[in-house]
Amino acid sequence: MSRRIHELGSLVANQIAAGEVVERPASLVKELVENSLDAGARQVQVVTEQGGVKRVLVRDDGHGIHPDDLRLALAPHATSKIRDADDLLGVASLGFRGEALASMAAVARVKLTSRAADVELAWCIEAAGGVEQSLAPAAHPPGTTVEVTELFYNTPARRKFLKSERTEQAQVDQVIRRLALAHFDVAFELTQTGRAALQLPAHRPEERLARILSEEFVERAVRVDEVRDDMRLSGWVGLPTLSRSQADQQYFFVNGRVVRDKLVGHAVRQAFRDVLFHGRHPVFVLYLELPPERVDVNVHPTKHEVRFRDARAVHDFVFGRLNRALREVRPHSAPPPVLPRPAPVPVTGSPAPRQSSLSWAHEVEYQRPGSFAQAIAEHHAALECAPDTAVPPLGYAIGQLHGIYILAQNADGLVVVDMHAAHERITYERLKRESAAQAVARQRLLVPLVLSVSETEADLAEALREELETLGLVIDRSGPGHVTVREVPALLAGGDVGALVRDVLADCQALGGSDRLAASQERLLATMACHGSVRAHRNLDLAEMNALLREMERTDNAGQCNHGRPTYLVQTLTDLDGLFLRGQ
Ligand code: ADP
Ligand code: MG
């Protein structure tokens, strides 16, 4: 091989460049539909054959292309959307690089037919392998049709990377769904190999959301609409109980552009981290709007990434607002009371007050069992002088089922609480409050615990000593592969300290260092809370159960455990009556 330098022919150069924009049929569809949207289309029709490999056709009713410009439209770096570098600072259209049609013409056969709004006749131009045919008149209503056939016919190497027809089809489908979520007022239609695959008339947003995500999502999503300075975050987030095992229903738009941005992705995950377990994925459709000059969209040819001028502010805004919206999910206030109801007093027969090791039990004031009769008498007295004292939302405990569930009675009927899940949430929220106030109550271990860990983990424990202390963990390095645990959060002192510390160190390692530790504190606290929570199969007395119920009512996010599972459910009397066919 000679080592002399020569210029590449323009076709090869364009084919190389095309690789960045046209990767597969779905990227063709994205570029073409974005062009239609930029042209102000109200209706966009997409037709594909063989997953788009054989043929992609996109037709719109937008403003069309002037006949004199048709040839230019296919030329590289030709665009009607910006003029100079200054315009790049405030791009409002989806396209601006002027390379999509040219790239397609370099790796496929392209036929472009268009009738501009103010022109009588439609014109058509074809190009293949970078060579154009002459312009010819055509029949076409106002608007544009682009047909791309035989993708990669002249670049077999690229062709090999295409996946099965079904995969390509699915990707095309996804592209349209995504774009449709950003343009509720435009009708979309997708036909795949003769089959109507997707029909989205211009809808009210909720109807389209139901079509694209699910009806359940619309019913169980929290509406977000927050403004700060010149930023606005709006959209819908699915409740944590809707979470999925795949991150396949996550849509984030920046100024109407589909974006897969690390920064916003991180902010969103962070907001959900509070309520979701690792491995579960939230469902959301979110729109961030900000002045175009505050975001650079010219980062990558596919424009899937953006760069924010003030990344920190954007991150904090997205995280803060979502976090708040999610926190508002908790047991709702009780309806008016229904009598009779059980007493919030312990009725276990054990005469000696039992010292509870459960951290929340001693927090809540309850009467020590005097006599059962006395308790009942007091309860009735209390009812008489305060006849309309409300039953708390989660009611009063009446018993425990198989050491797993607490059964309680509230004004509506039966409340069933998953006690481990509920306690985990409470412990977590308390740790969070304490650590936010920089006052995690610590308890010194009577006998310091020496743990053998990996050297990396021991290094980390040493480097992060101060940060860990703010989480309530005092850990010293005591050898190349050993650490000594001296103090732990008082809330967690009863649990398995060794397992707790190992998990926290593993998390720290996964997070990759101290600067990210502060940002990820909540994840660490969640890990910790899991270790401090009451396990299933522990017997609780009624007082302990009631204490847990009251604590749940006071706790943010109490409707789900940290893993996003529900912590309780309610069976109303009507539900139960229905089960027993009463009154039918
Ligand atoms: P870009 O979108 O970045 O400008 P493209 O290669 O995608 O570059 O398109 C080149 C030009 O062709 C656009 O700037 C636009 O003027 C015109 N064009 C392409 N598609 C359409 C369409 N569907 N309707 C009207 N004009 C179009
Ligand atoms: Mg374009």
Side-chain angles (χ1 to χ4, degrees), residues 13-15 17-23 25-47 56-85 87-88 90-119 121-127 130 132 135 138 140-148 175-176 178-179 182-183 186-189 255-258 292 296-304 306:
N14 282 342
Q15 285 178 343
E20 298 191 318
V21 193
V22 183
E23 206 187 331
S27 36
L28 290 180
V29 171
K30 170 184 173 288
E31 292 296 333
L32 295 176
V33 175
E34 285 188 349
N35 280 346
S36 299
L37 293 168
D38 279 345
R42 300 267 128 221
Q43 296 219 27
V44 180
Q45 264 175 293
V46 181
V47 178
V56 169
L57 178 145
V58 175
R59 165 169 299 170
D60 66 56
D61 59 353
H63 58 52
I65 305 172
H66 192 275
D68 298 347
D69 288 352
L70 272 178
R71 181 163 277 129
L72 260 184
L74 295 177
H77 313 299
T79 180
S80 57
K81 300 173 191 173
I82 58 169
R83 287 214 159 266
D84 50 34
D87 289 349
L88 264 184
V91 183
S93 53
L94 294 168
F96 57 87
R97 298 172 61 105
E99 58 187 10
L101 292 181
S103 296
M104 290 173 206
V107 294
R109 302 182 200 280
V110 177
K111 182 174 174 192
L112 172 60
T113 312
S114 189
R115 181 168 146 202
D118 47 358
V119 174
L121 200 61
W123 291 84
C124 167
I125 185 168
E126 285 183 59
E132 288 157 27
L135 234 56
H140 195 280
T144 304
T145 298
V146 184
E147 185 179 22
V148 183
V175 160
I176 295 179
R178 265 185 234 127
L179 288 164
H183 301 271
V186 178
F188 293 86
E189 220 181 280
N255 290 348
R257 194 183 289 284
V258 182
D296 182 2
V297 289
N298 189 24
V299 178
H300 189 267
T302 59
K303 293 166 271 177
H304 279 317
V306 293

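Atoms considered below: every heavy atom in the structure, side chains included; atoms not considered: hydrogens, waters and symmetry mates. Indexing begins at 1, ligand by ligand and atom by atom, following the structure's order. Predicted model only: the values in this text are computed from it and were never measured.
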Contacts under 3.5 angstrom, residues 71-81 side chains, donor-acceptor by atom type, not counting sequence neighbours:
from: R71; atom 1: NE; to: E132; atom 2: OE1; distance (Å): 2.8
from: T79; atom 1: OG1; to: K81; atom 2: N; distance (Å): 3.0
from: K81; atom 1: NZ; to: N35; atom 2: OD1; distance (Å): 3.2
from: K81; atom 1: NZ; to: D38; atom 2: OD2; distance (Å): 2.9

* **Matching residue for L32 among T145, V58, V175 - test: side chain to side chain contact (heavy atoms under 4.5 Å, CB included)** => V58
* Heteroatom test (N, O or S) for T79 near the Mg ion (ligand 2), limit 2.8 Å -> no
* Residue pair H140 / S114, side-chain heavy-atom distance below 4.5 Å -> no
* Asked: Name the residues with a heavy atom less than 4.0 Å from ligand 1?
  -> N35, S36, A39, D60, H63, G64, I65, A73, A78, T79, S80, K81, G95, F96, R97, G98, E99, A100, L101, T144
* Asked: Would you say the side-chain atoms of D69 pair up with the backbone N or O of I65, donor to acceptor, closer than 3.5 Å?
  -> no
* Structure fact -> Smallest heavy-atom separation, L135 atom then P67 atom, equals CD2-O, 3.8 Å
* Closest approach of H183 to G256 (non-hydrogen atoms, all atoms of both residues) -> NE2-O, 4.0 Å
